[in-house]
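Every chain is numbered from 1, with letters handed out A, B, ... down the list of sequences. Only a predicted model underlies this, so the values are computations on that prediction, with no experimental measurement involved.
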Number of protein chains: 2
Amino acid sequence: MSGTNTDVPAVIAHELPNPVPHDELAACPVTDLFRRIGDKWSMLVVIMLGKRPYRYNELHRSIEGVSQRMLTRTLRTLEEDGLVRREVFPSVPPSVEYSLTPLGVSLLEPLSALAEWAVKNATSAVPTR
Amino acid sequence: MSGTNTDVPAVIAHELPNPVPHDELAACPVTDLFRRIGDKWSMLVVIMLGKRPYRYNELHRSIEGVSQRMLTRTLRTLEEDGLVRREVFPSVPPSVEYSLTPLGVSLLEPLSALAEWAVKNATSAVPTR
DNA sequence: CTGGATCCGGCACGATACTG
DNA sequence: CAGTATCGTGCCGGATCCAG
């Protein structure tokens, strides 16, 4: 059973001796990560920006389905988390370019591994839920 | 920049010629995957079950923070998606054991890659958002 | 022990209108 | 072009009670 697994780290099976000091915080880093990029658009944007830098409306048109509001919010959050860099070029029509930071690029690799899995097993899973 | 990346698939940059036939469906497999396991507990459960099979309350105690409702919902969904297998043993106190299907095991690998990334970069990212 | 049923608050998300 | 402001809604998710 444990023959071909890749030595899953026991980062989840931690025990919390103190039943959460103040309120409740990110239990484990994995949970925290998914709370940040596990929303509807974040990883989409990350993978897009992994191919090349994009401008705002360019992204908006490419993703097709995201609202301006959510695209802006997603980009802001990713920027705050240090995954995306925002560059403003003071041209006559103002242009803003978004790109991945080194941290974002490093995230791209495990993320695309997941993406590849999704593509592979898209048909084998239940299509119509 | 493209030296050490793992050849990111262009699964996202598809174009939808028809602006969604009926309602709206899973745009791309990646989005679809995250809509399924991108919730608060799914990948937690998958990673836990990747270590060994668990019984219900065993899982409930291990994850520490999940409610019965959400644990049940999560397990049901994962089962419907073919990632988790549910076995009922008709003992005197009824016992149910959950384990990963082969599909679930295959998902575990890219998932743990993401998990490792999260652990590595947990400190480098913004801790207090 | 393994859940199901119900109530309910918060927020993720979309649509629309407006701005510099 | 690149956003911001506001409103409305669905459903995610927790707490609690109930059941086989």
Side-chain angles (χ1 to χ4, degrees), chain A residues 19-20 23-27 31-45 48-49 53-81 84-99 129, chain B residues 16 19-20 23-27 31-32 34-45 48-49 53-81 84-99 129:
Chain A
V20 179
D23 226 347
E24 61 157 323
L25 22 126
T31 303
D32 188 49
L33 173 65
F34 270 76
R35 298 291 289 189
R36 291 169 189 255
I37 67 158
D39 68 307
K40 196 171 184 179
W41 304 107
S42 290
M43 71 321 179
L44 250 315
V45 171
M48 286 298 291
L49 295 183
Y54 274 81
R55 296 176 52 187
Y56 183 86
N57 275 353
E58 204 175 7
L59 260 183
H60 192 203
R61 269 179 274 104
S62 298
I63 290 188
E64 184 90 20
V66 66
S67 60
Q68 296 159 350
R69 174 190 147 93
M70 287 318 296
L71 181 56
T72 300
R73 278 181 56 116
T74 300
L75 287 169
R76 286 281 185 272
T77 302
L78 291 175
E79 189 187 0
E80 289 173 9
D81 289 346
V84 161
R85 185 178 176 207
R86 179 176 184 261
E87 271 182 296
V88 182
F89 297 98
S91 355
V92 177
S95 78
V96 183
E97 188 173 282
Y98 292 92
S99 57
R129 175 149 102 224
Chain B
L16 320 184
V20 179
D23 223 350
E24 61 157 323
L25 23 126
T31 303
D32 187 49
F34 269 76
R35 298 292 287 189
R36 290 169 190 256
I37 66 158
D39 67 308
K40 197 172 183 178
W41 305 107
S42 290
M43 66 334 175
L44 249 315
V45 172
M48 286 297 292
L49 294 183
Y54 274 81
R55 296 178 51 190
Y56 183 85
N57 274 354
E58 204 177 8
L59 261 183
H60 190 204
R61 269 179 275 104
S62 299
I63 290 188
E64 184 92 20
V66 66
S67 61
Q68 297 161 348
R69 176 188 142 96
M70 288 318 296
L71 181 56
T72 300
R73 277 178 55 117
T74 300
L75 288 169
R76 285 281 184 272
T77 302
L78 291 175
E79 189 188 358
E80 290 173 8
D81 289 345
V84 162
R85 184 180 177 207
R86 179 174 184 264
E87 272 181 294
V88 183
F89 297 97
S91 352
V92 177
S95 79
V96 183
E97 189 173 280
Y98 294 93
S99 57
R129 178 149 104 224

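Under the rule for a salt bridge (Lys or Arg N to Asp or Glu O under 4.0 Å), B:Glu97 has no partner lying at least two apart in sequence or in another chain. In this structure, the salt bridge (Lys or Arg N to Asp or Glu O under 4.0 Å) partners of B:Arg85, at least two apart in sequence or on a different chain, are B:Glu87.
Side-chain contact check for A:Glu79 versus A:Leu75: every heavy-atom pair is 4.5 Å or farther apart. Here the side chains of A:Val84 and A:Thr77 are not in contact, with every heavy-atom distance at 4.5 Å or above. A:Ser42 places a side-chain heavy atom less than 4.5 Å from the side chain of A:Leu78. Looking at B:Leu71 and B:Trp41, their side chains never come closer than 4.5 Å, going by heavy atoms from C-beta outward.
Of all heavy-atom pairs spanning B:Met70 and B:Val66, the tightest one is CB-CG2, 3.9 Å. Closest approach of B:Ser67 to B:His60, counting heavy atoms only: C-NE2, 4.1 Å. For B:Met43 against B:Lys40, the heavy-atom pair with the smallest separation is CE-O, 4.0 Å. The heavy-atom pair separating B:Gly38 from A:Phe34 by the smallest distance is CA-CD2, 4.4 Å. Of all the heavy atoms in B:Met48 and B:Ile63, the pair that sits closest is CG-CG1, 4.3 Å.
Using a 4.0 Å cutoff on non-hydrogen atoms, no part of residues 86-93 of chain B comes near DNA chain D.
Helix bend of the helix from C:dC1-D:dG20 to C:dG20-D:dC1: the angle between its two end axes, each built from five pairs, comes to 40° after rounding to 10°.
Ring geometry for A:Tyr98 against A:Tyr56 counts as tilted: the plane angle lies between 30° and 60°, on a 0 to 90° scale.
Side chain of B:Arg55, nearest nucleotide from D:dG14, D:dA2, C:dT2: C:dT2.
When each of B:Arg76, B:Arg35, B:Arg36 is tested with B:Asp81 by the rule salt bridge (Lys or Arg N to Asp or Glu O under 4.0 Å), just one qualifies, namely B:Arg36.
Atom pair B:Leu71:CG and D:dA15:C1' shows a separation of 15 Å (rounding to whole Å applied). The distance between atom OH of B:Tyr54 and atom P of C:dT2, rounded to the nearest whole Å, is 14 Å. Atom CD of B:Glu97 is separated from atom P of C:dC1 by 16 Å (rounded to the nearest Å). Atom C1' of nucleotide D:dA2 and atom CG of A:Leu75 are separated by 11 Å, given to the nearest angstrom. Distance, A:Phe34 CZ to D:dG13 C1': 18 Å, rounded to whole Å. D:dC12 atom P lies 15 Å from atom CD1 of B:Ile37, rounded to whole Å. The CZ-C1' distance, from B:Arg76 to C:dT2, rounds to 9 Å in whole Å.
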At a cut-off of 3.5 Å, list every protein nitrogen or oxygen paired with a nitrogen or oxygen from nucleotides 6-12 of chain C, distance to 0.1 Å.
from	atom 1	to	atom 2	distance (Å)
C:dT6	O4	B:Arg69	NH1	3.2

Pairs under 3.5 Å (N/O, protein and nucleotides 17-20 of chain C):
from	atom 1	to	atom 2	distance (Å)
C:dA17	N6	A:Gln68	OE1	3.4

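Taking CG of B:Asp39 as the reference point, atom CG of A:Asp39 lies at 13.0 Å (rounded to 0.5 Å).
When the side-chain nitrogen and oxygen atoms of B:Tyr98 are compared with OP1 and OP2 of C:dG3, one or more of them lie within a distance under 4.0 Å.
Position along DNA chain C of the nearest nucleotide to B:Asn57 versus A:Trp41 favours B:Asn57 as the more 5'-ward residue.
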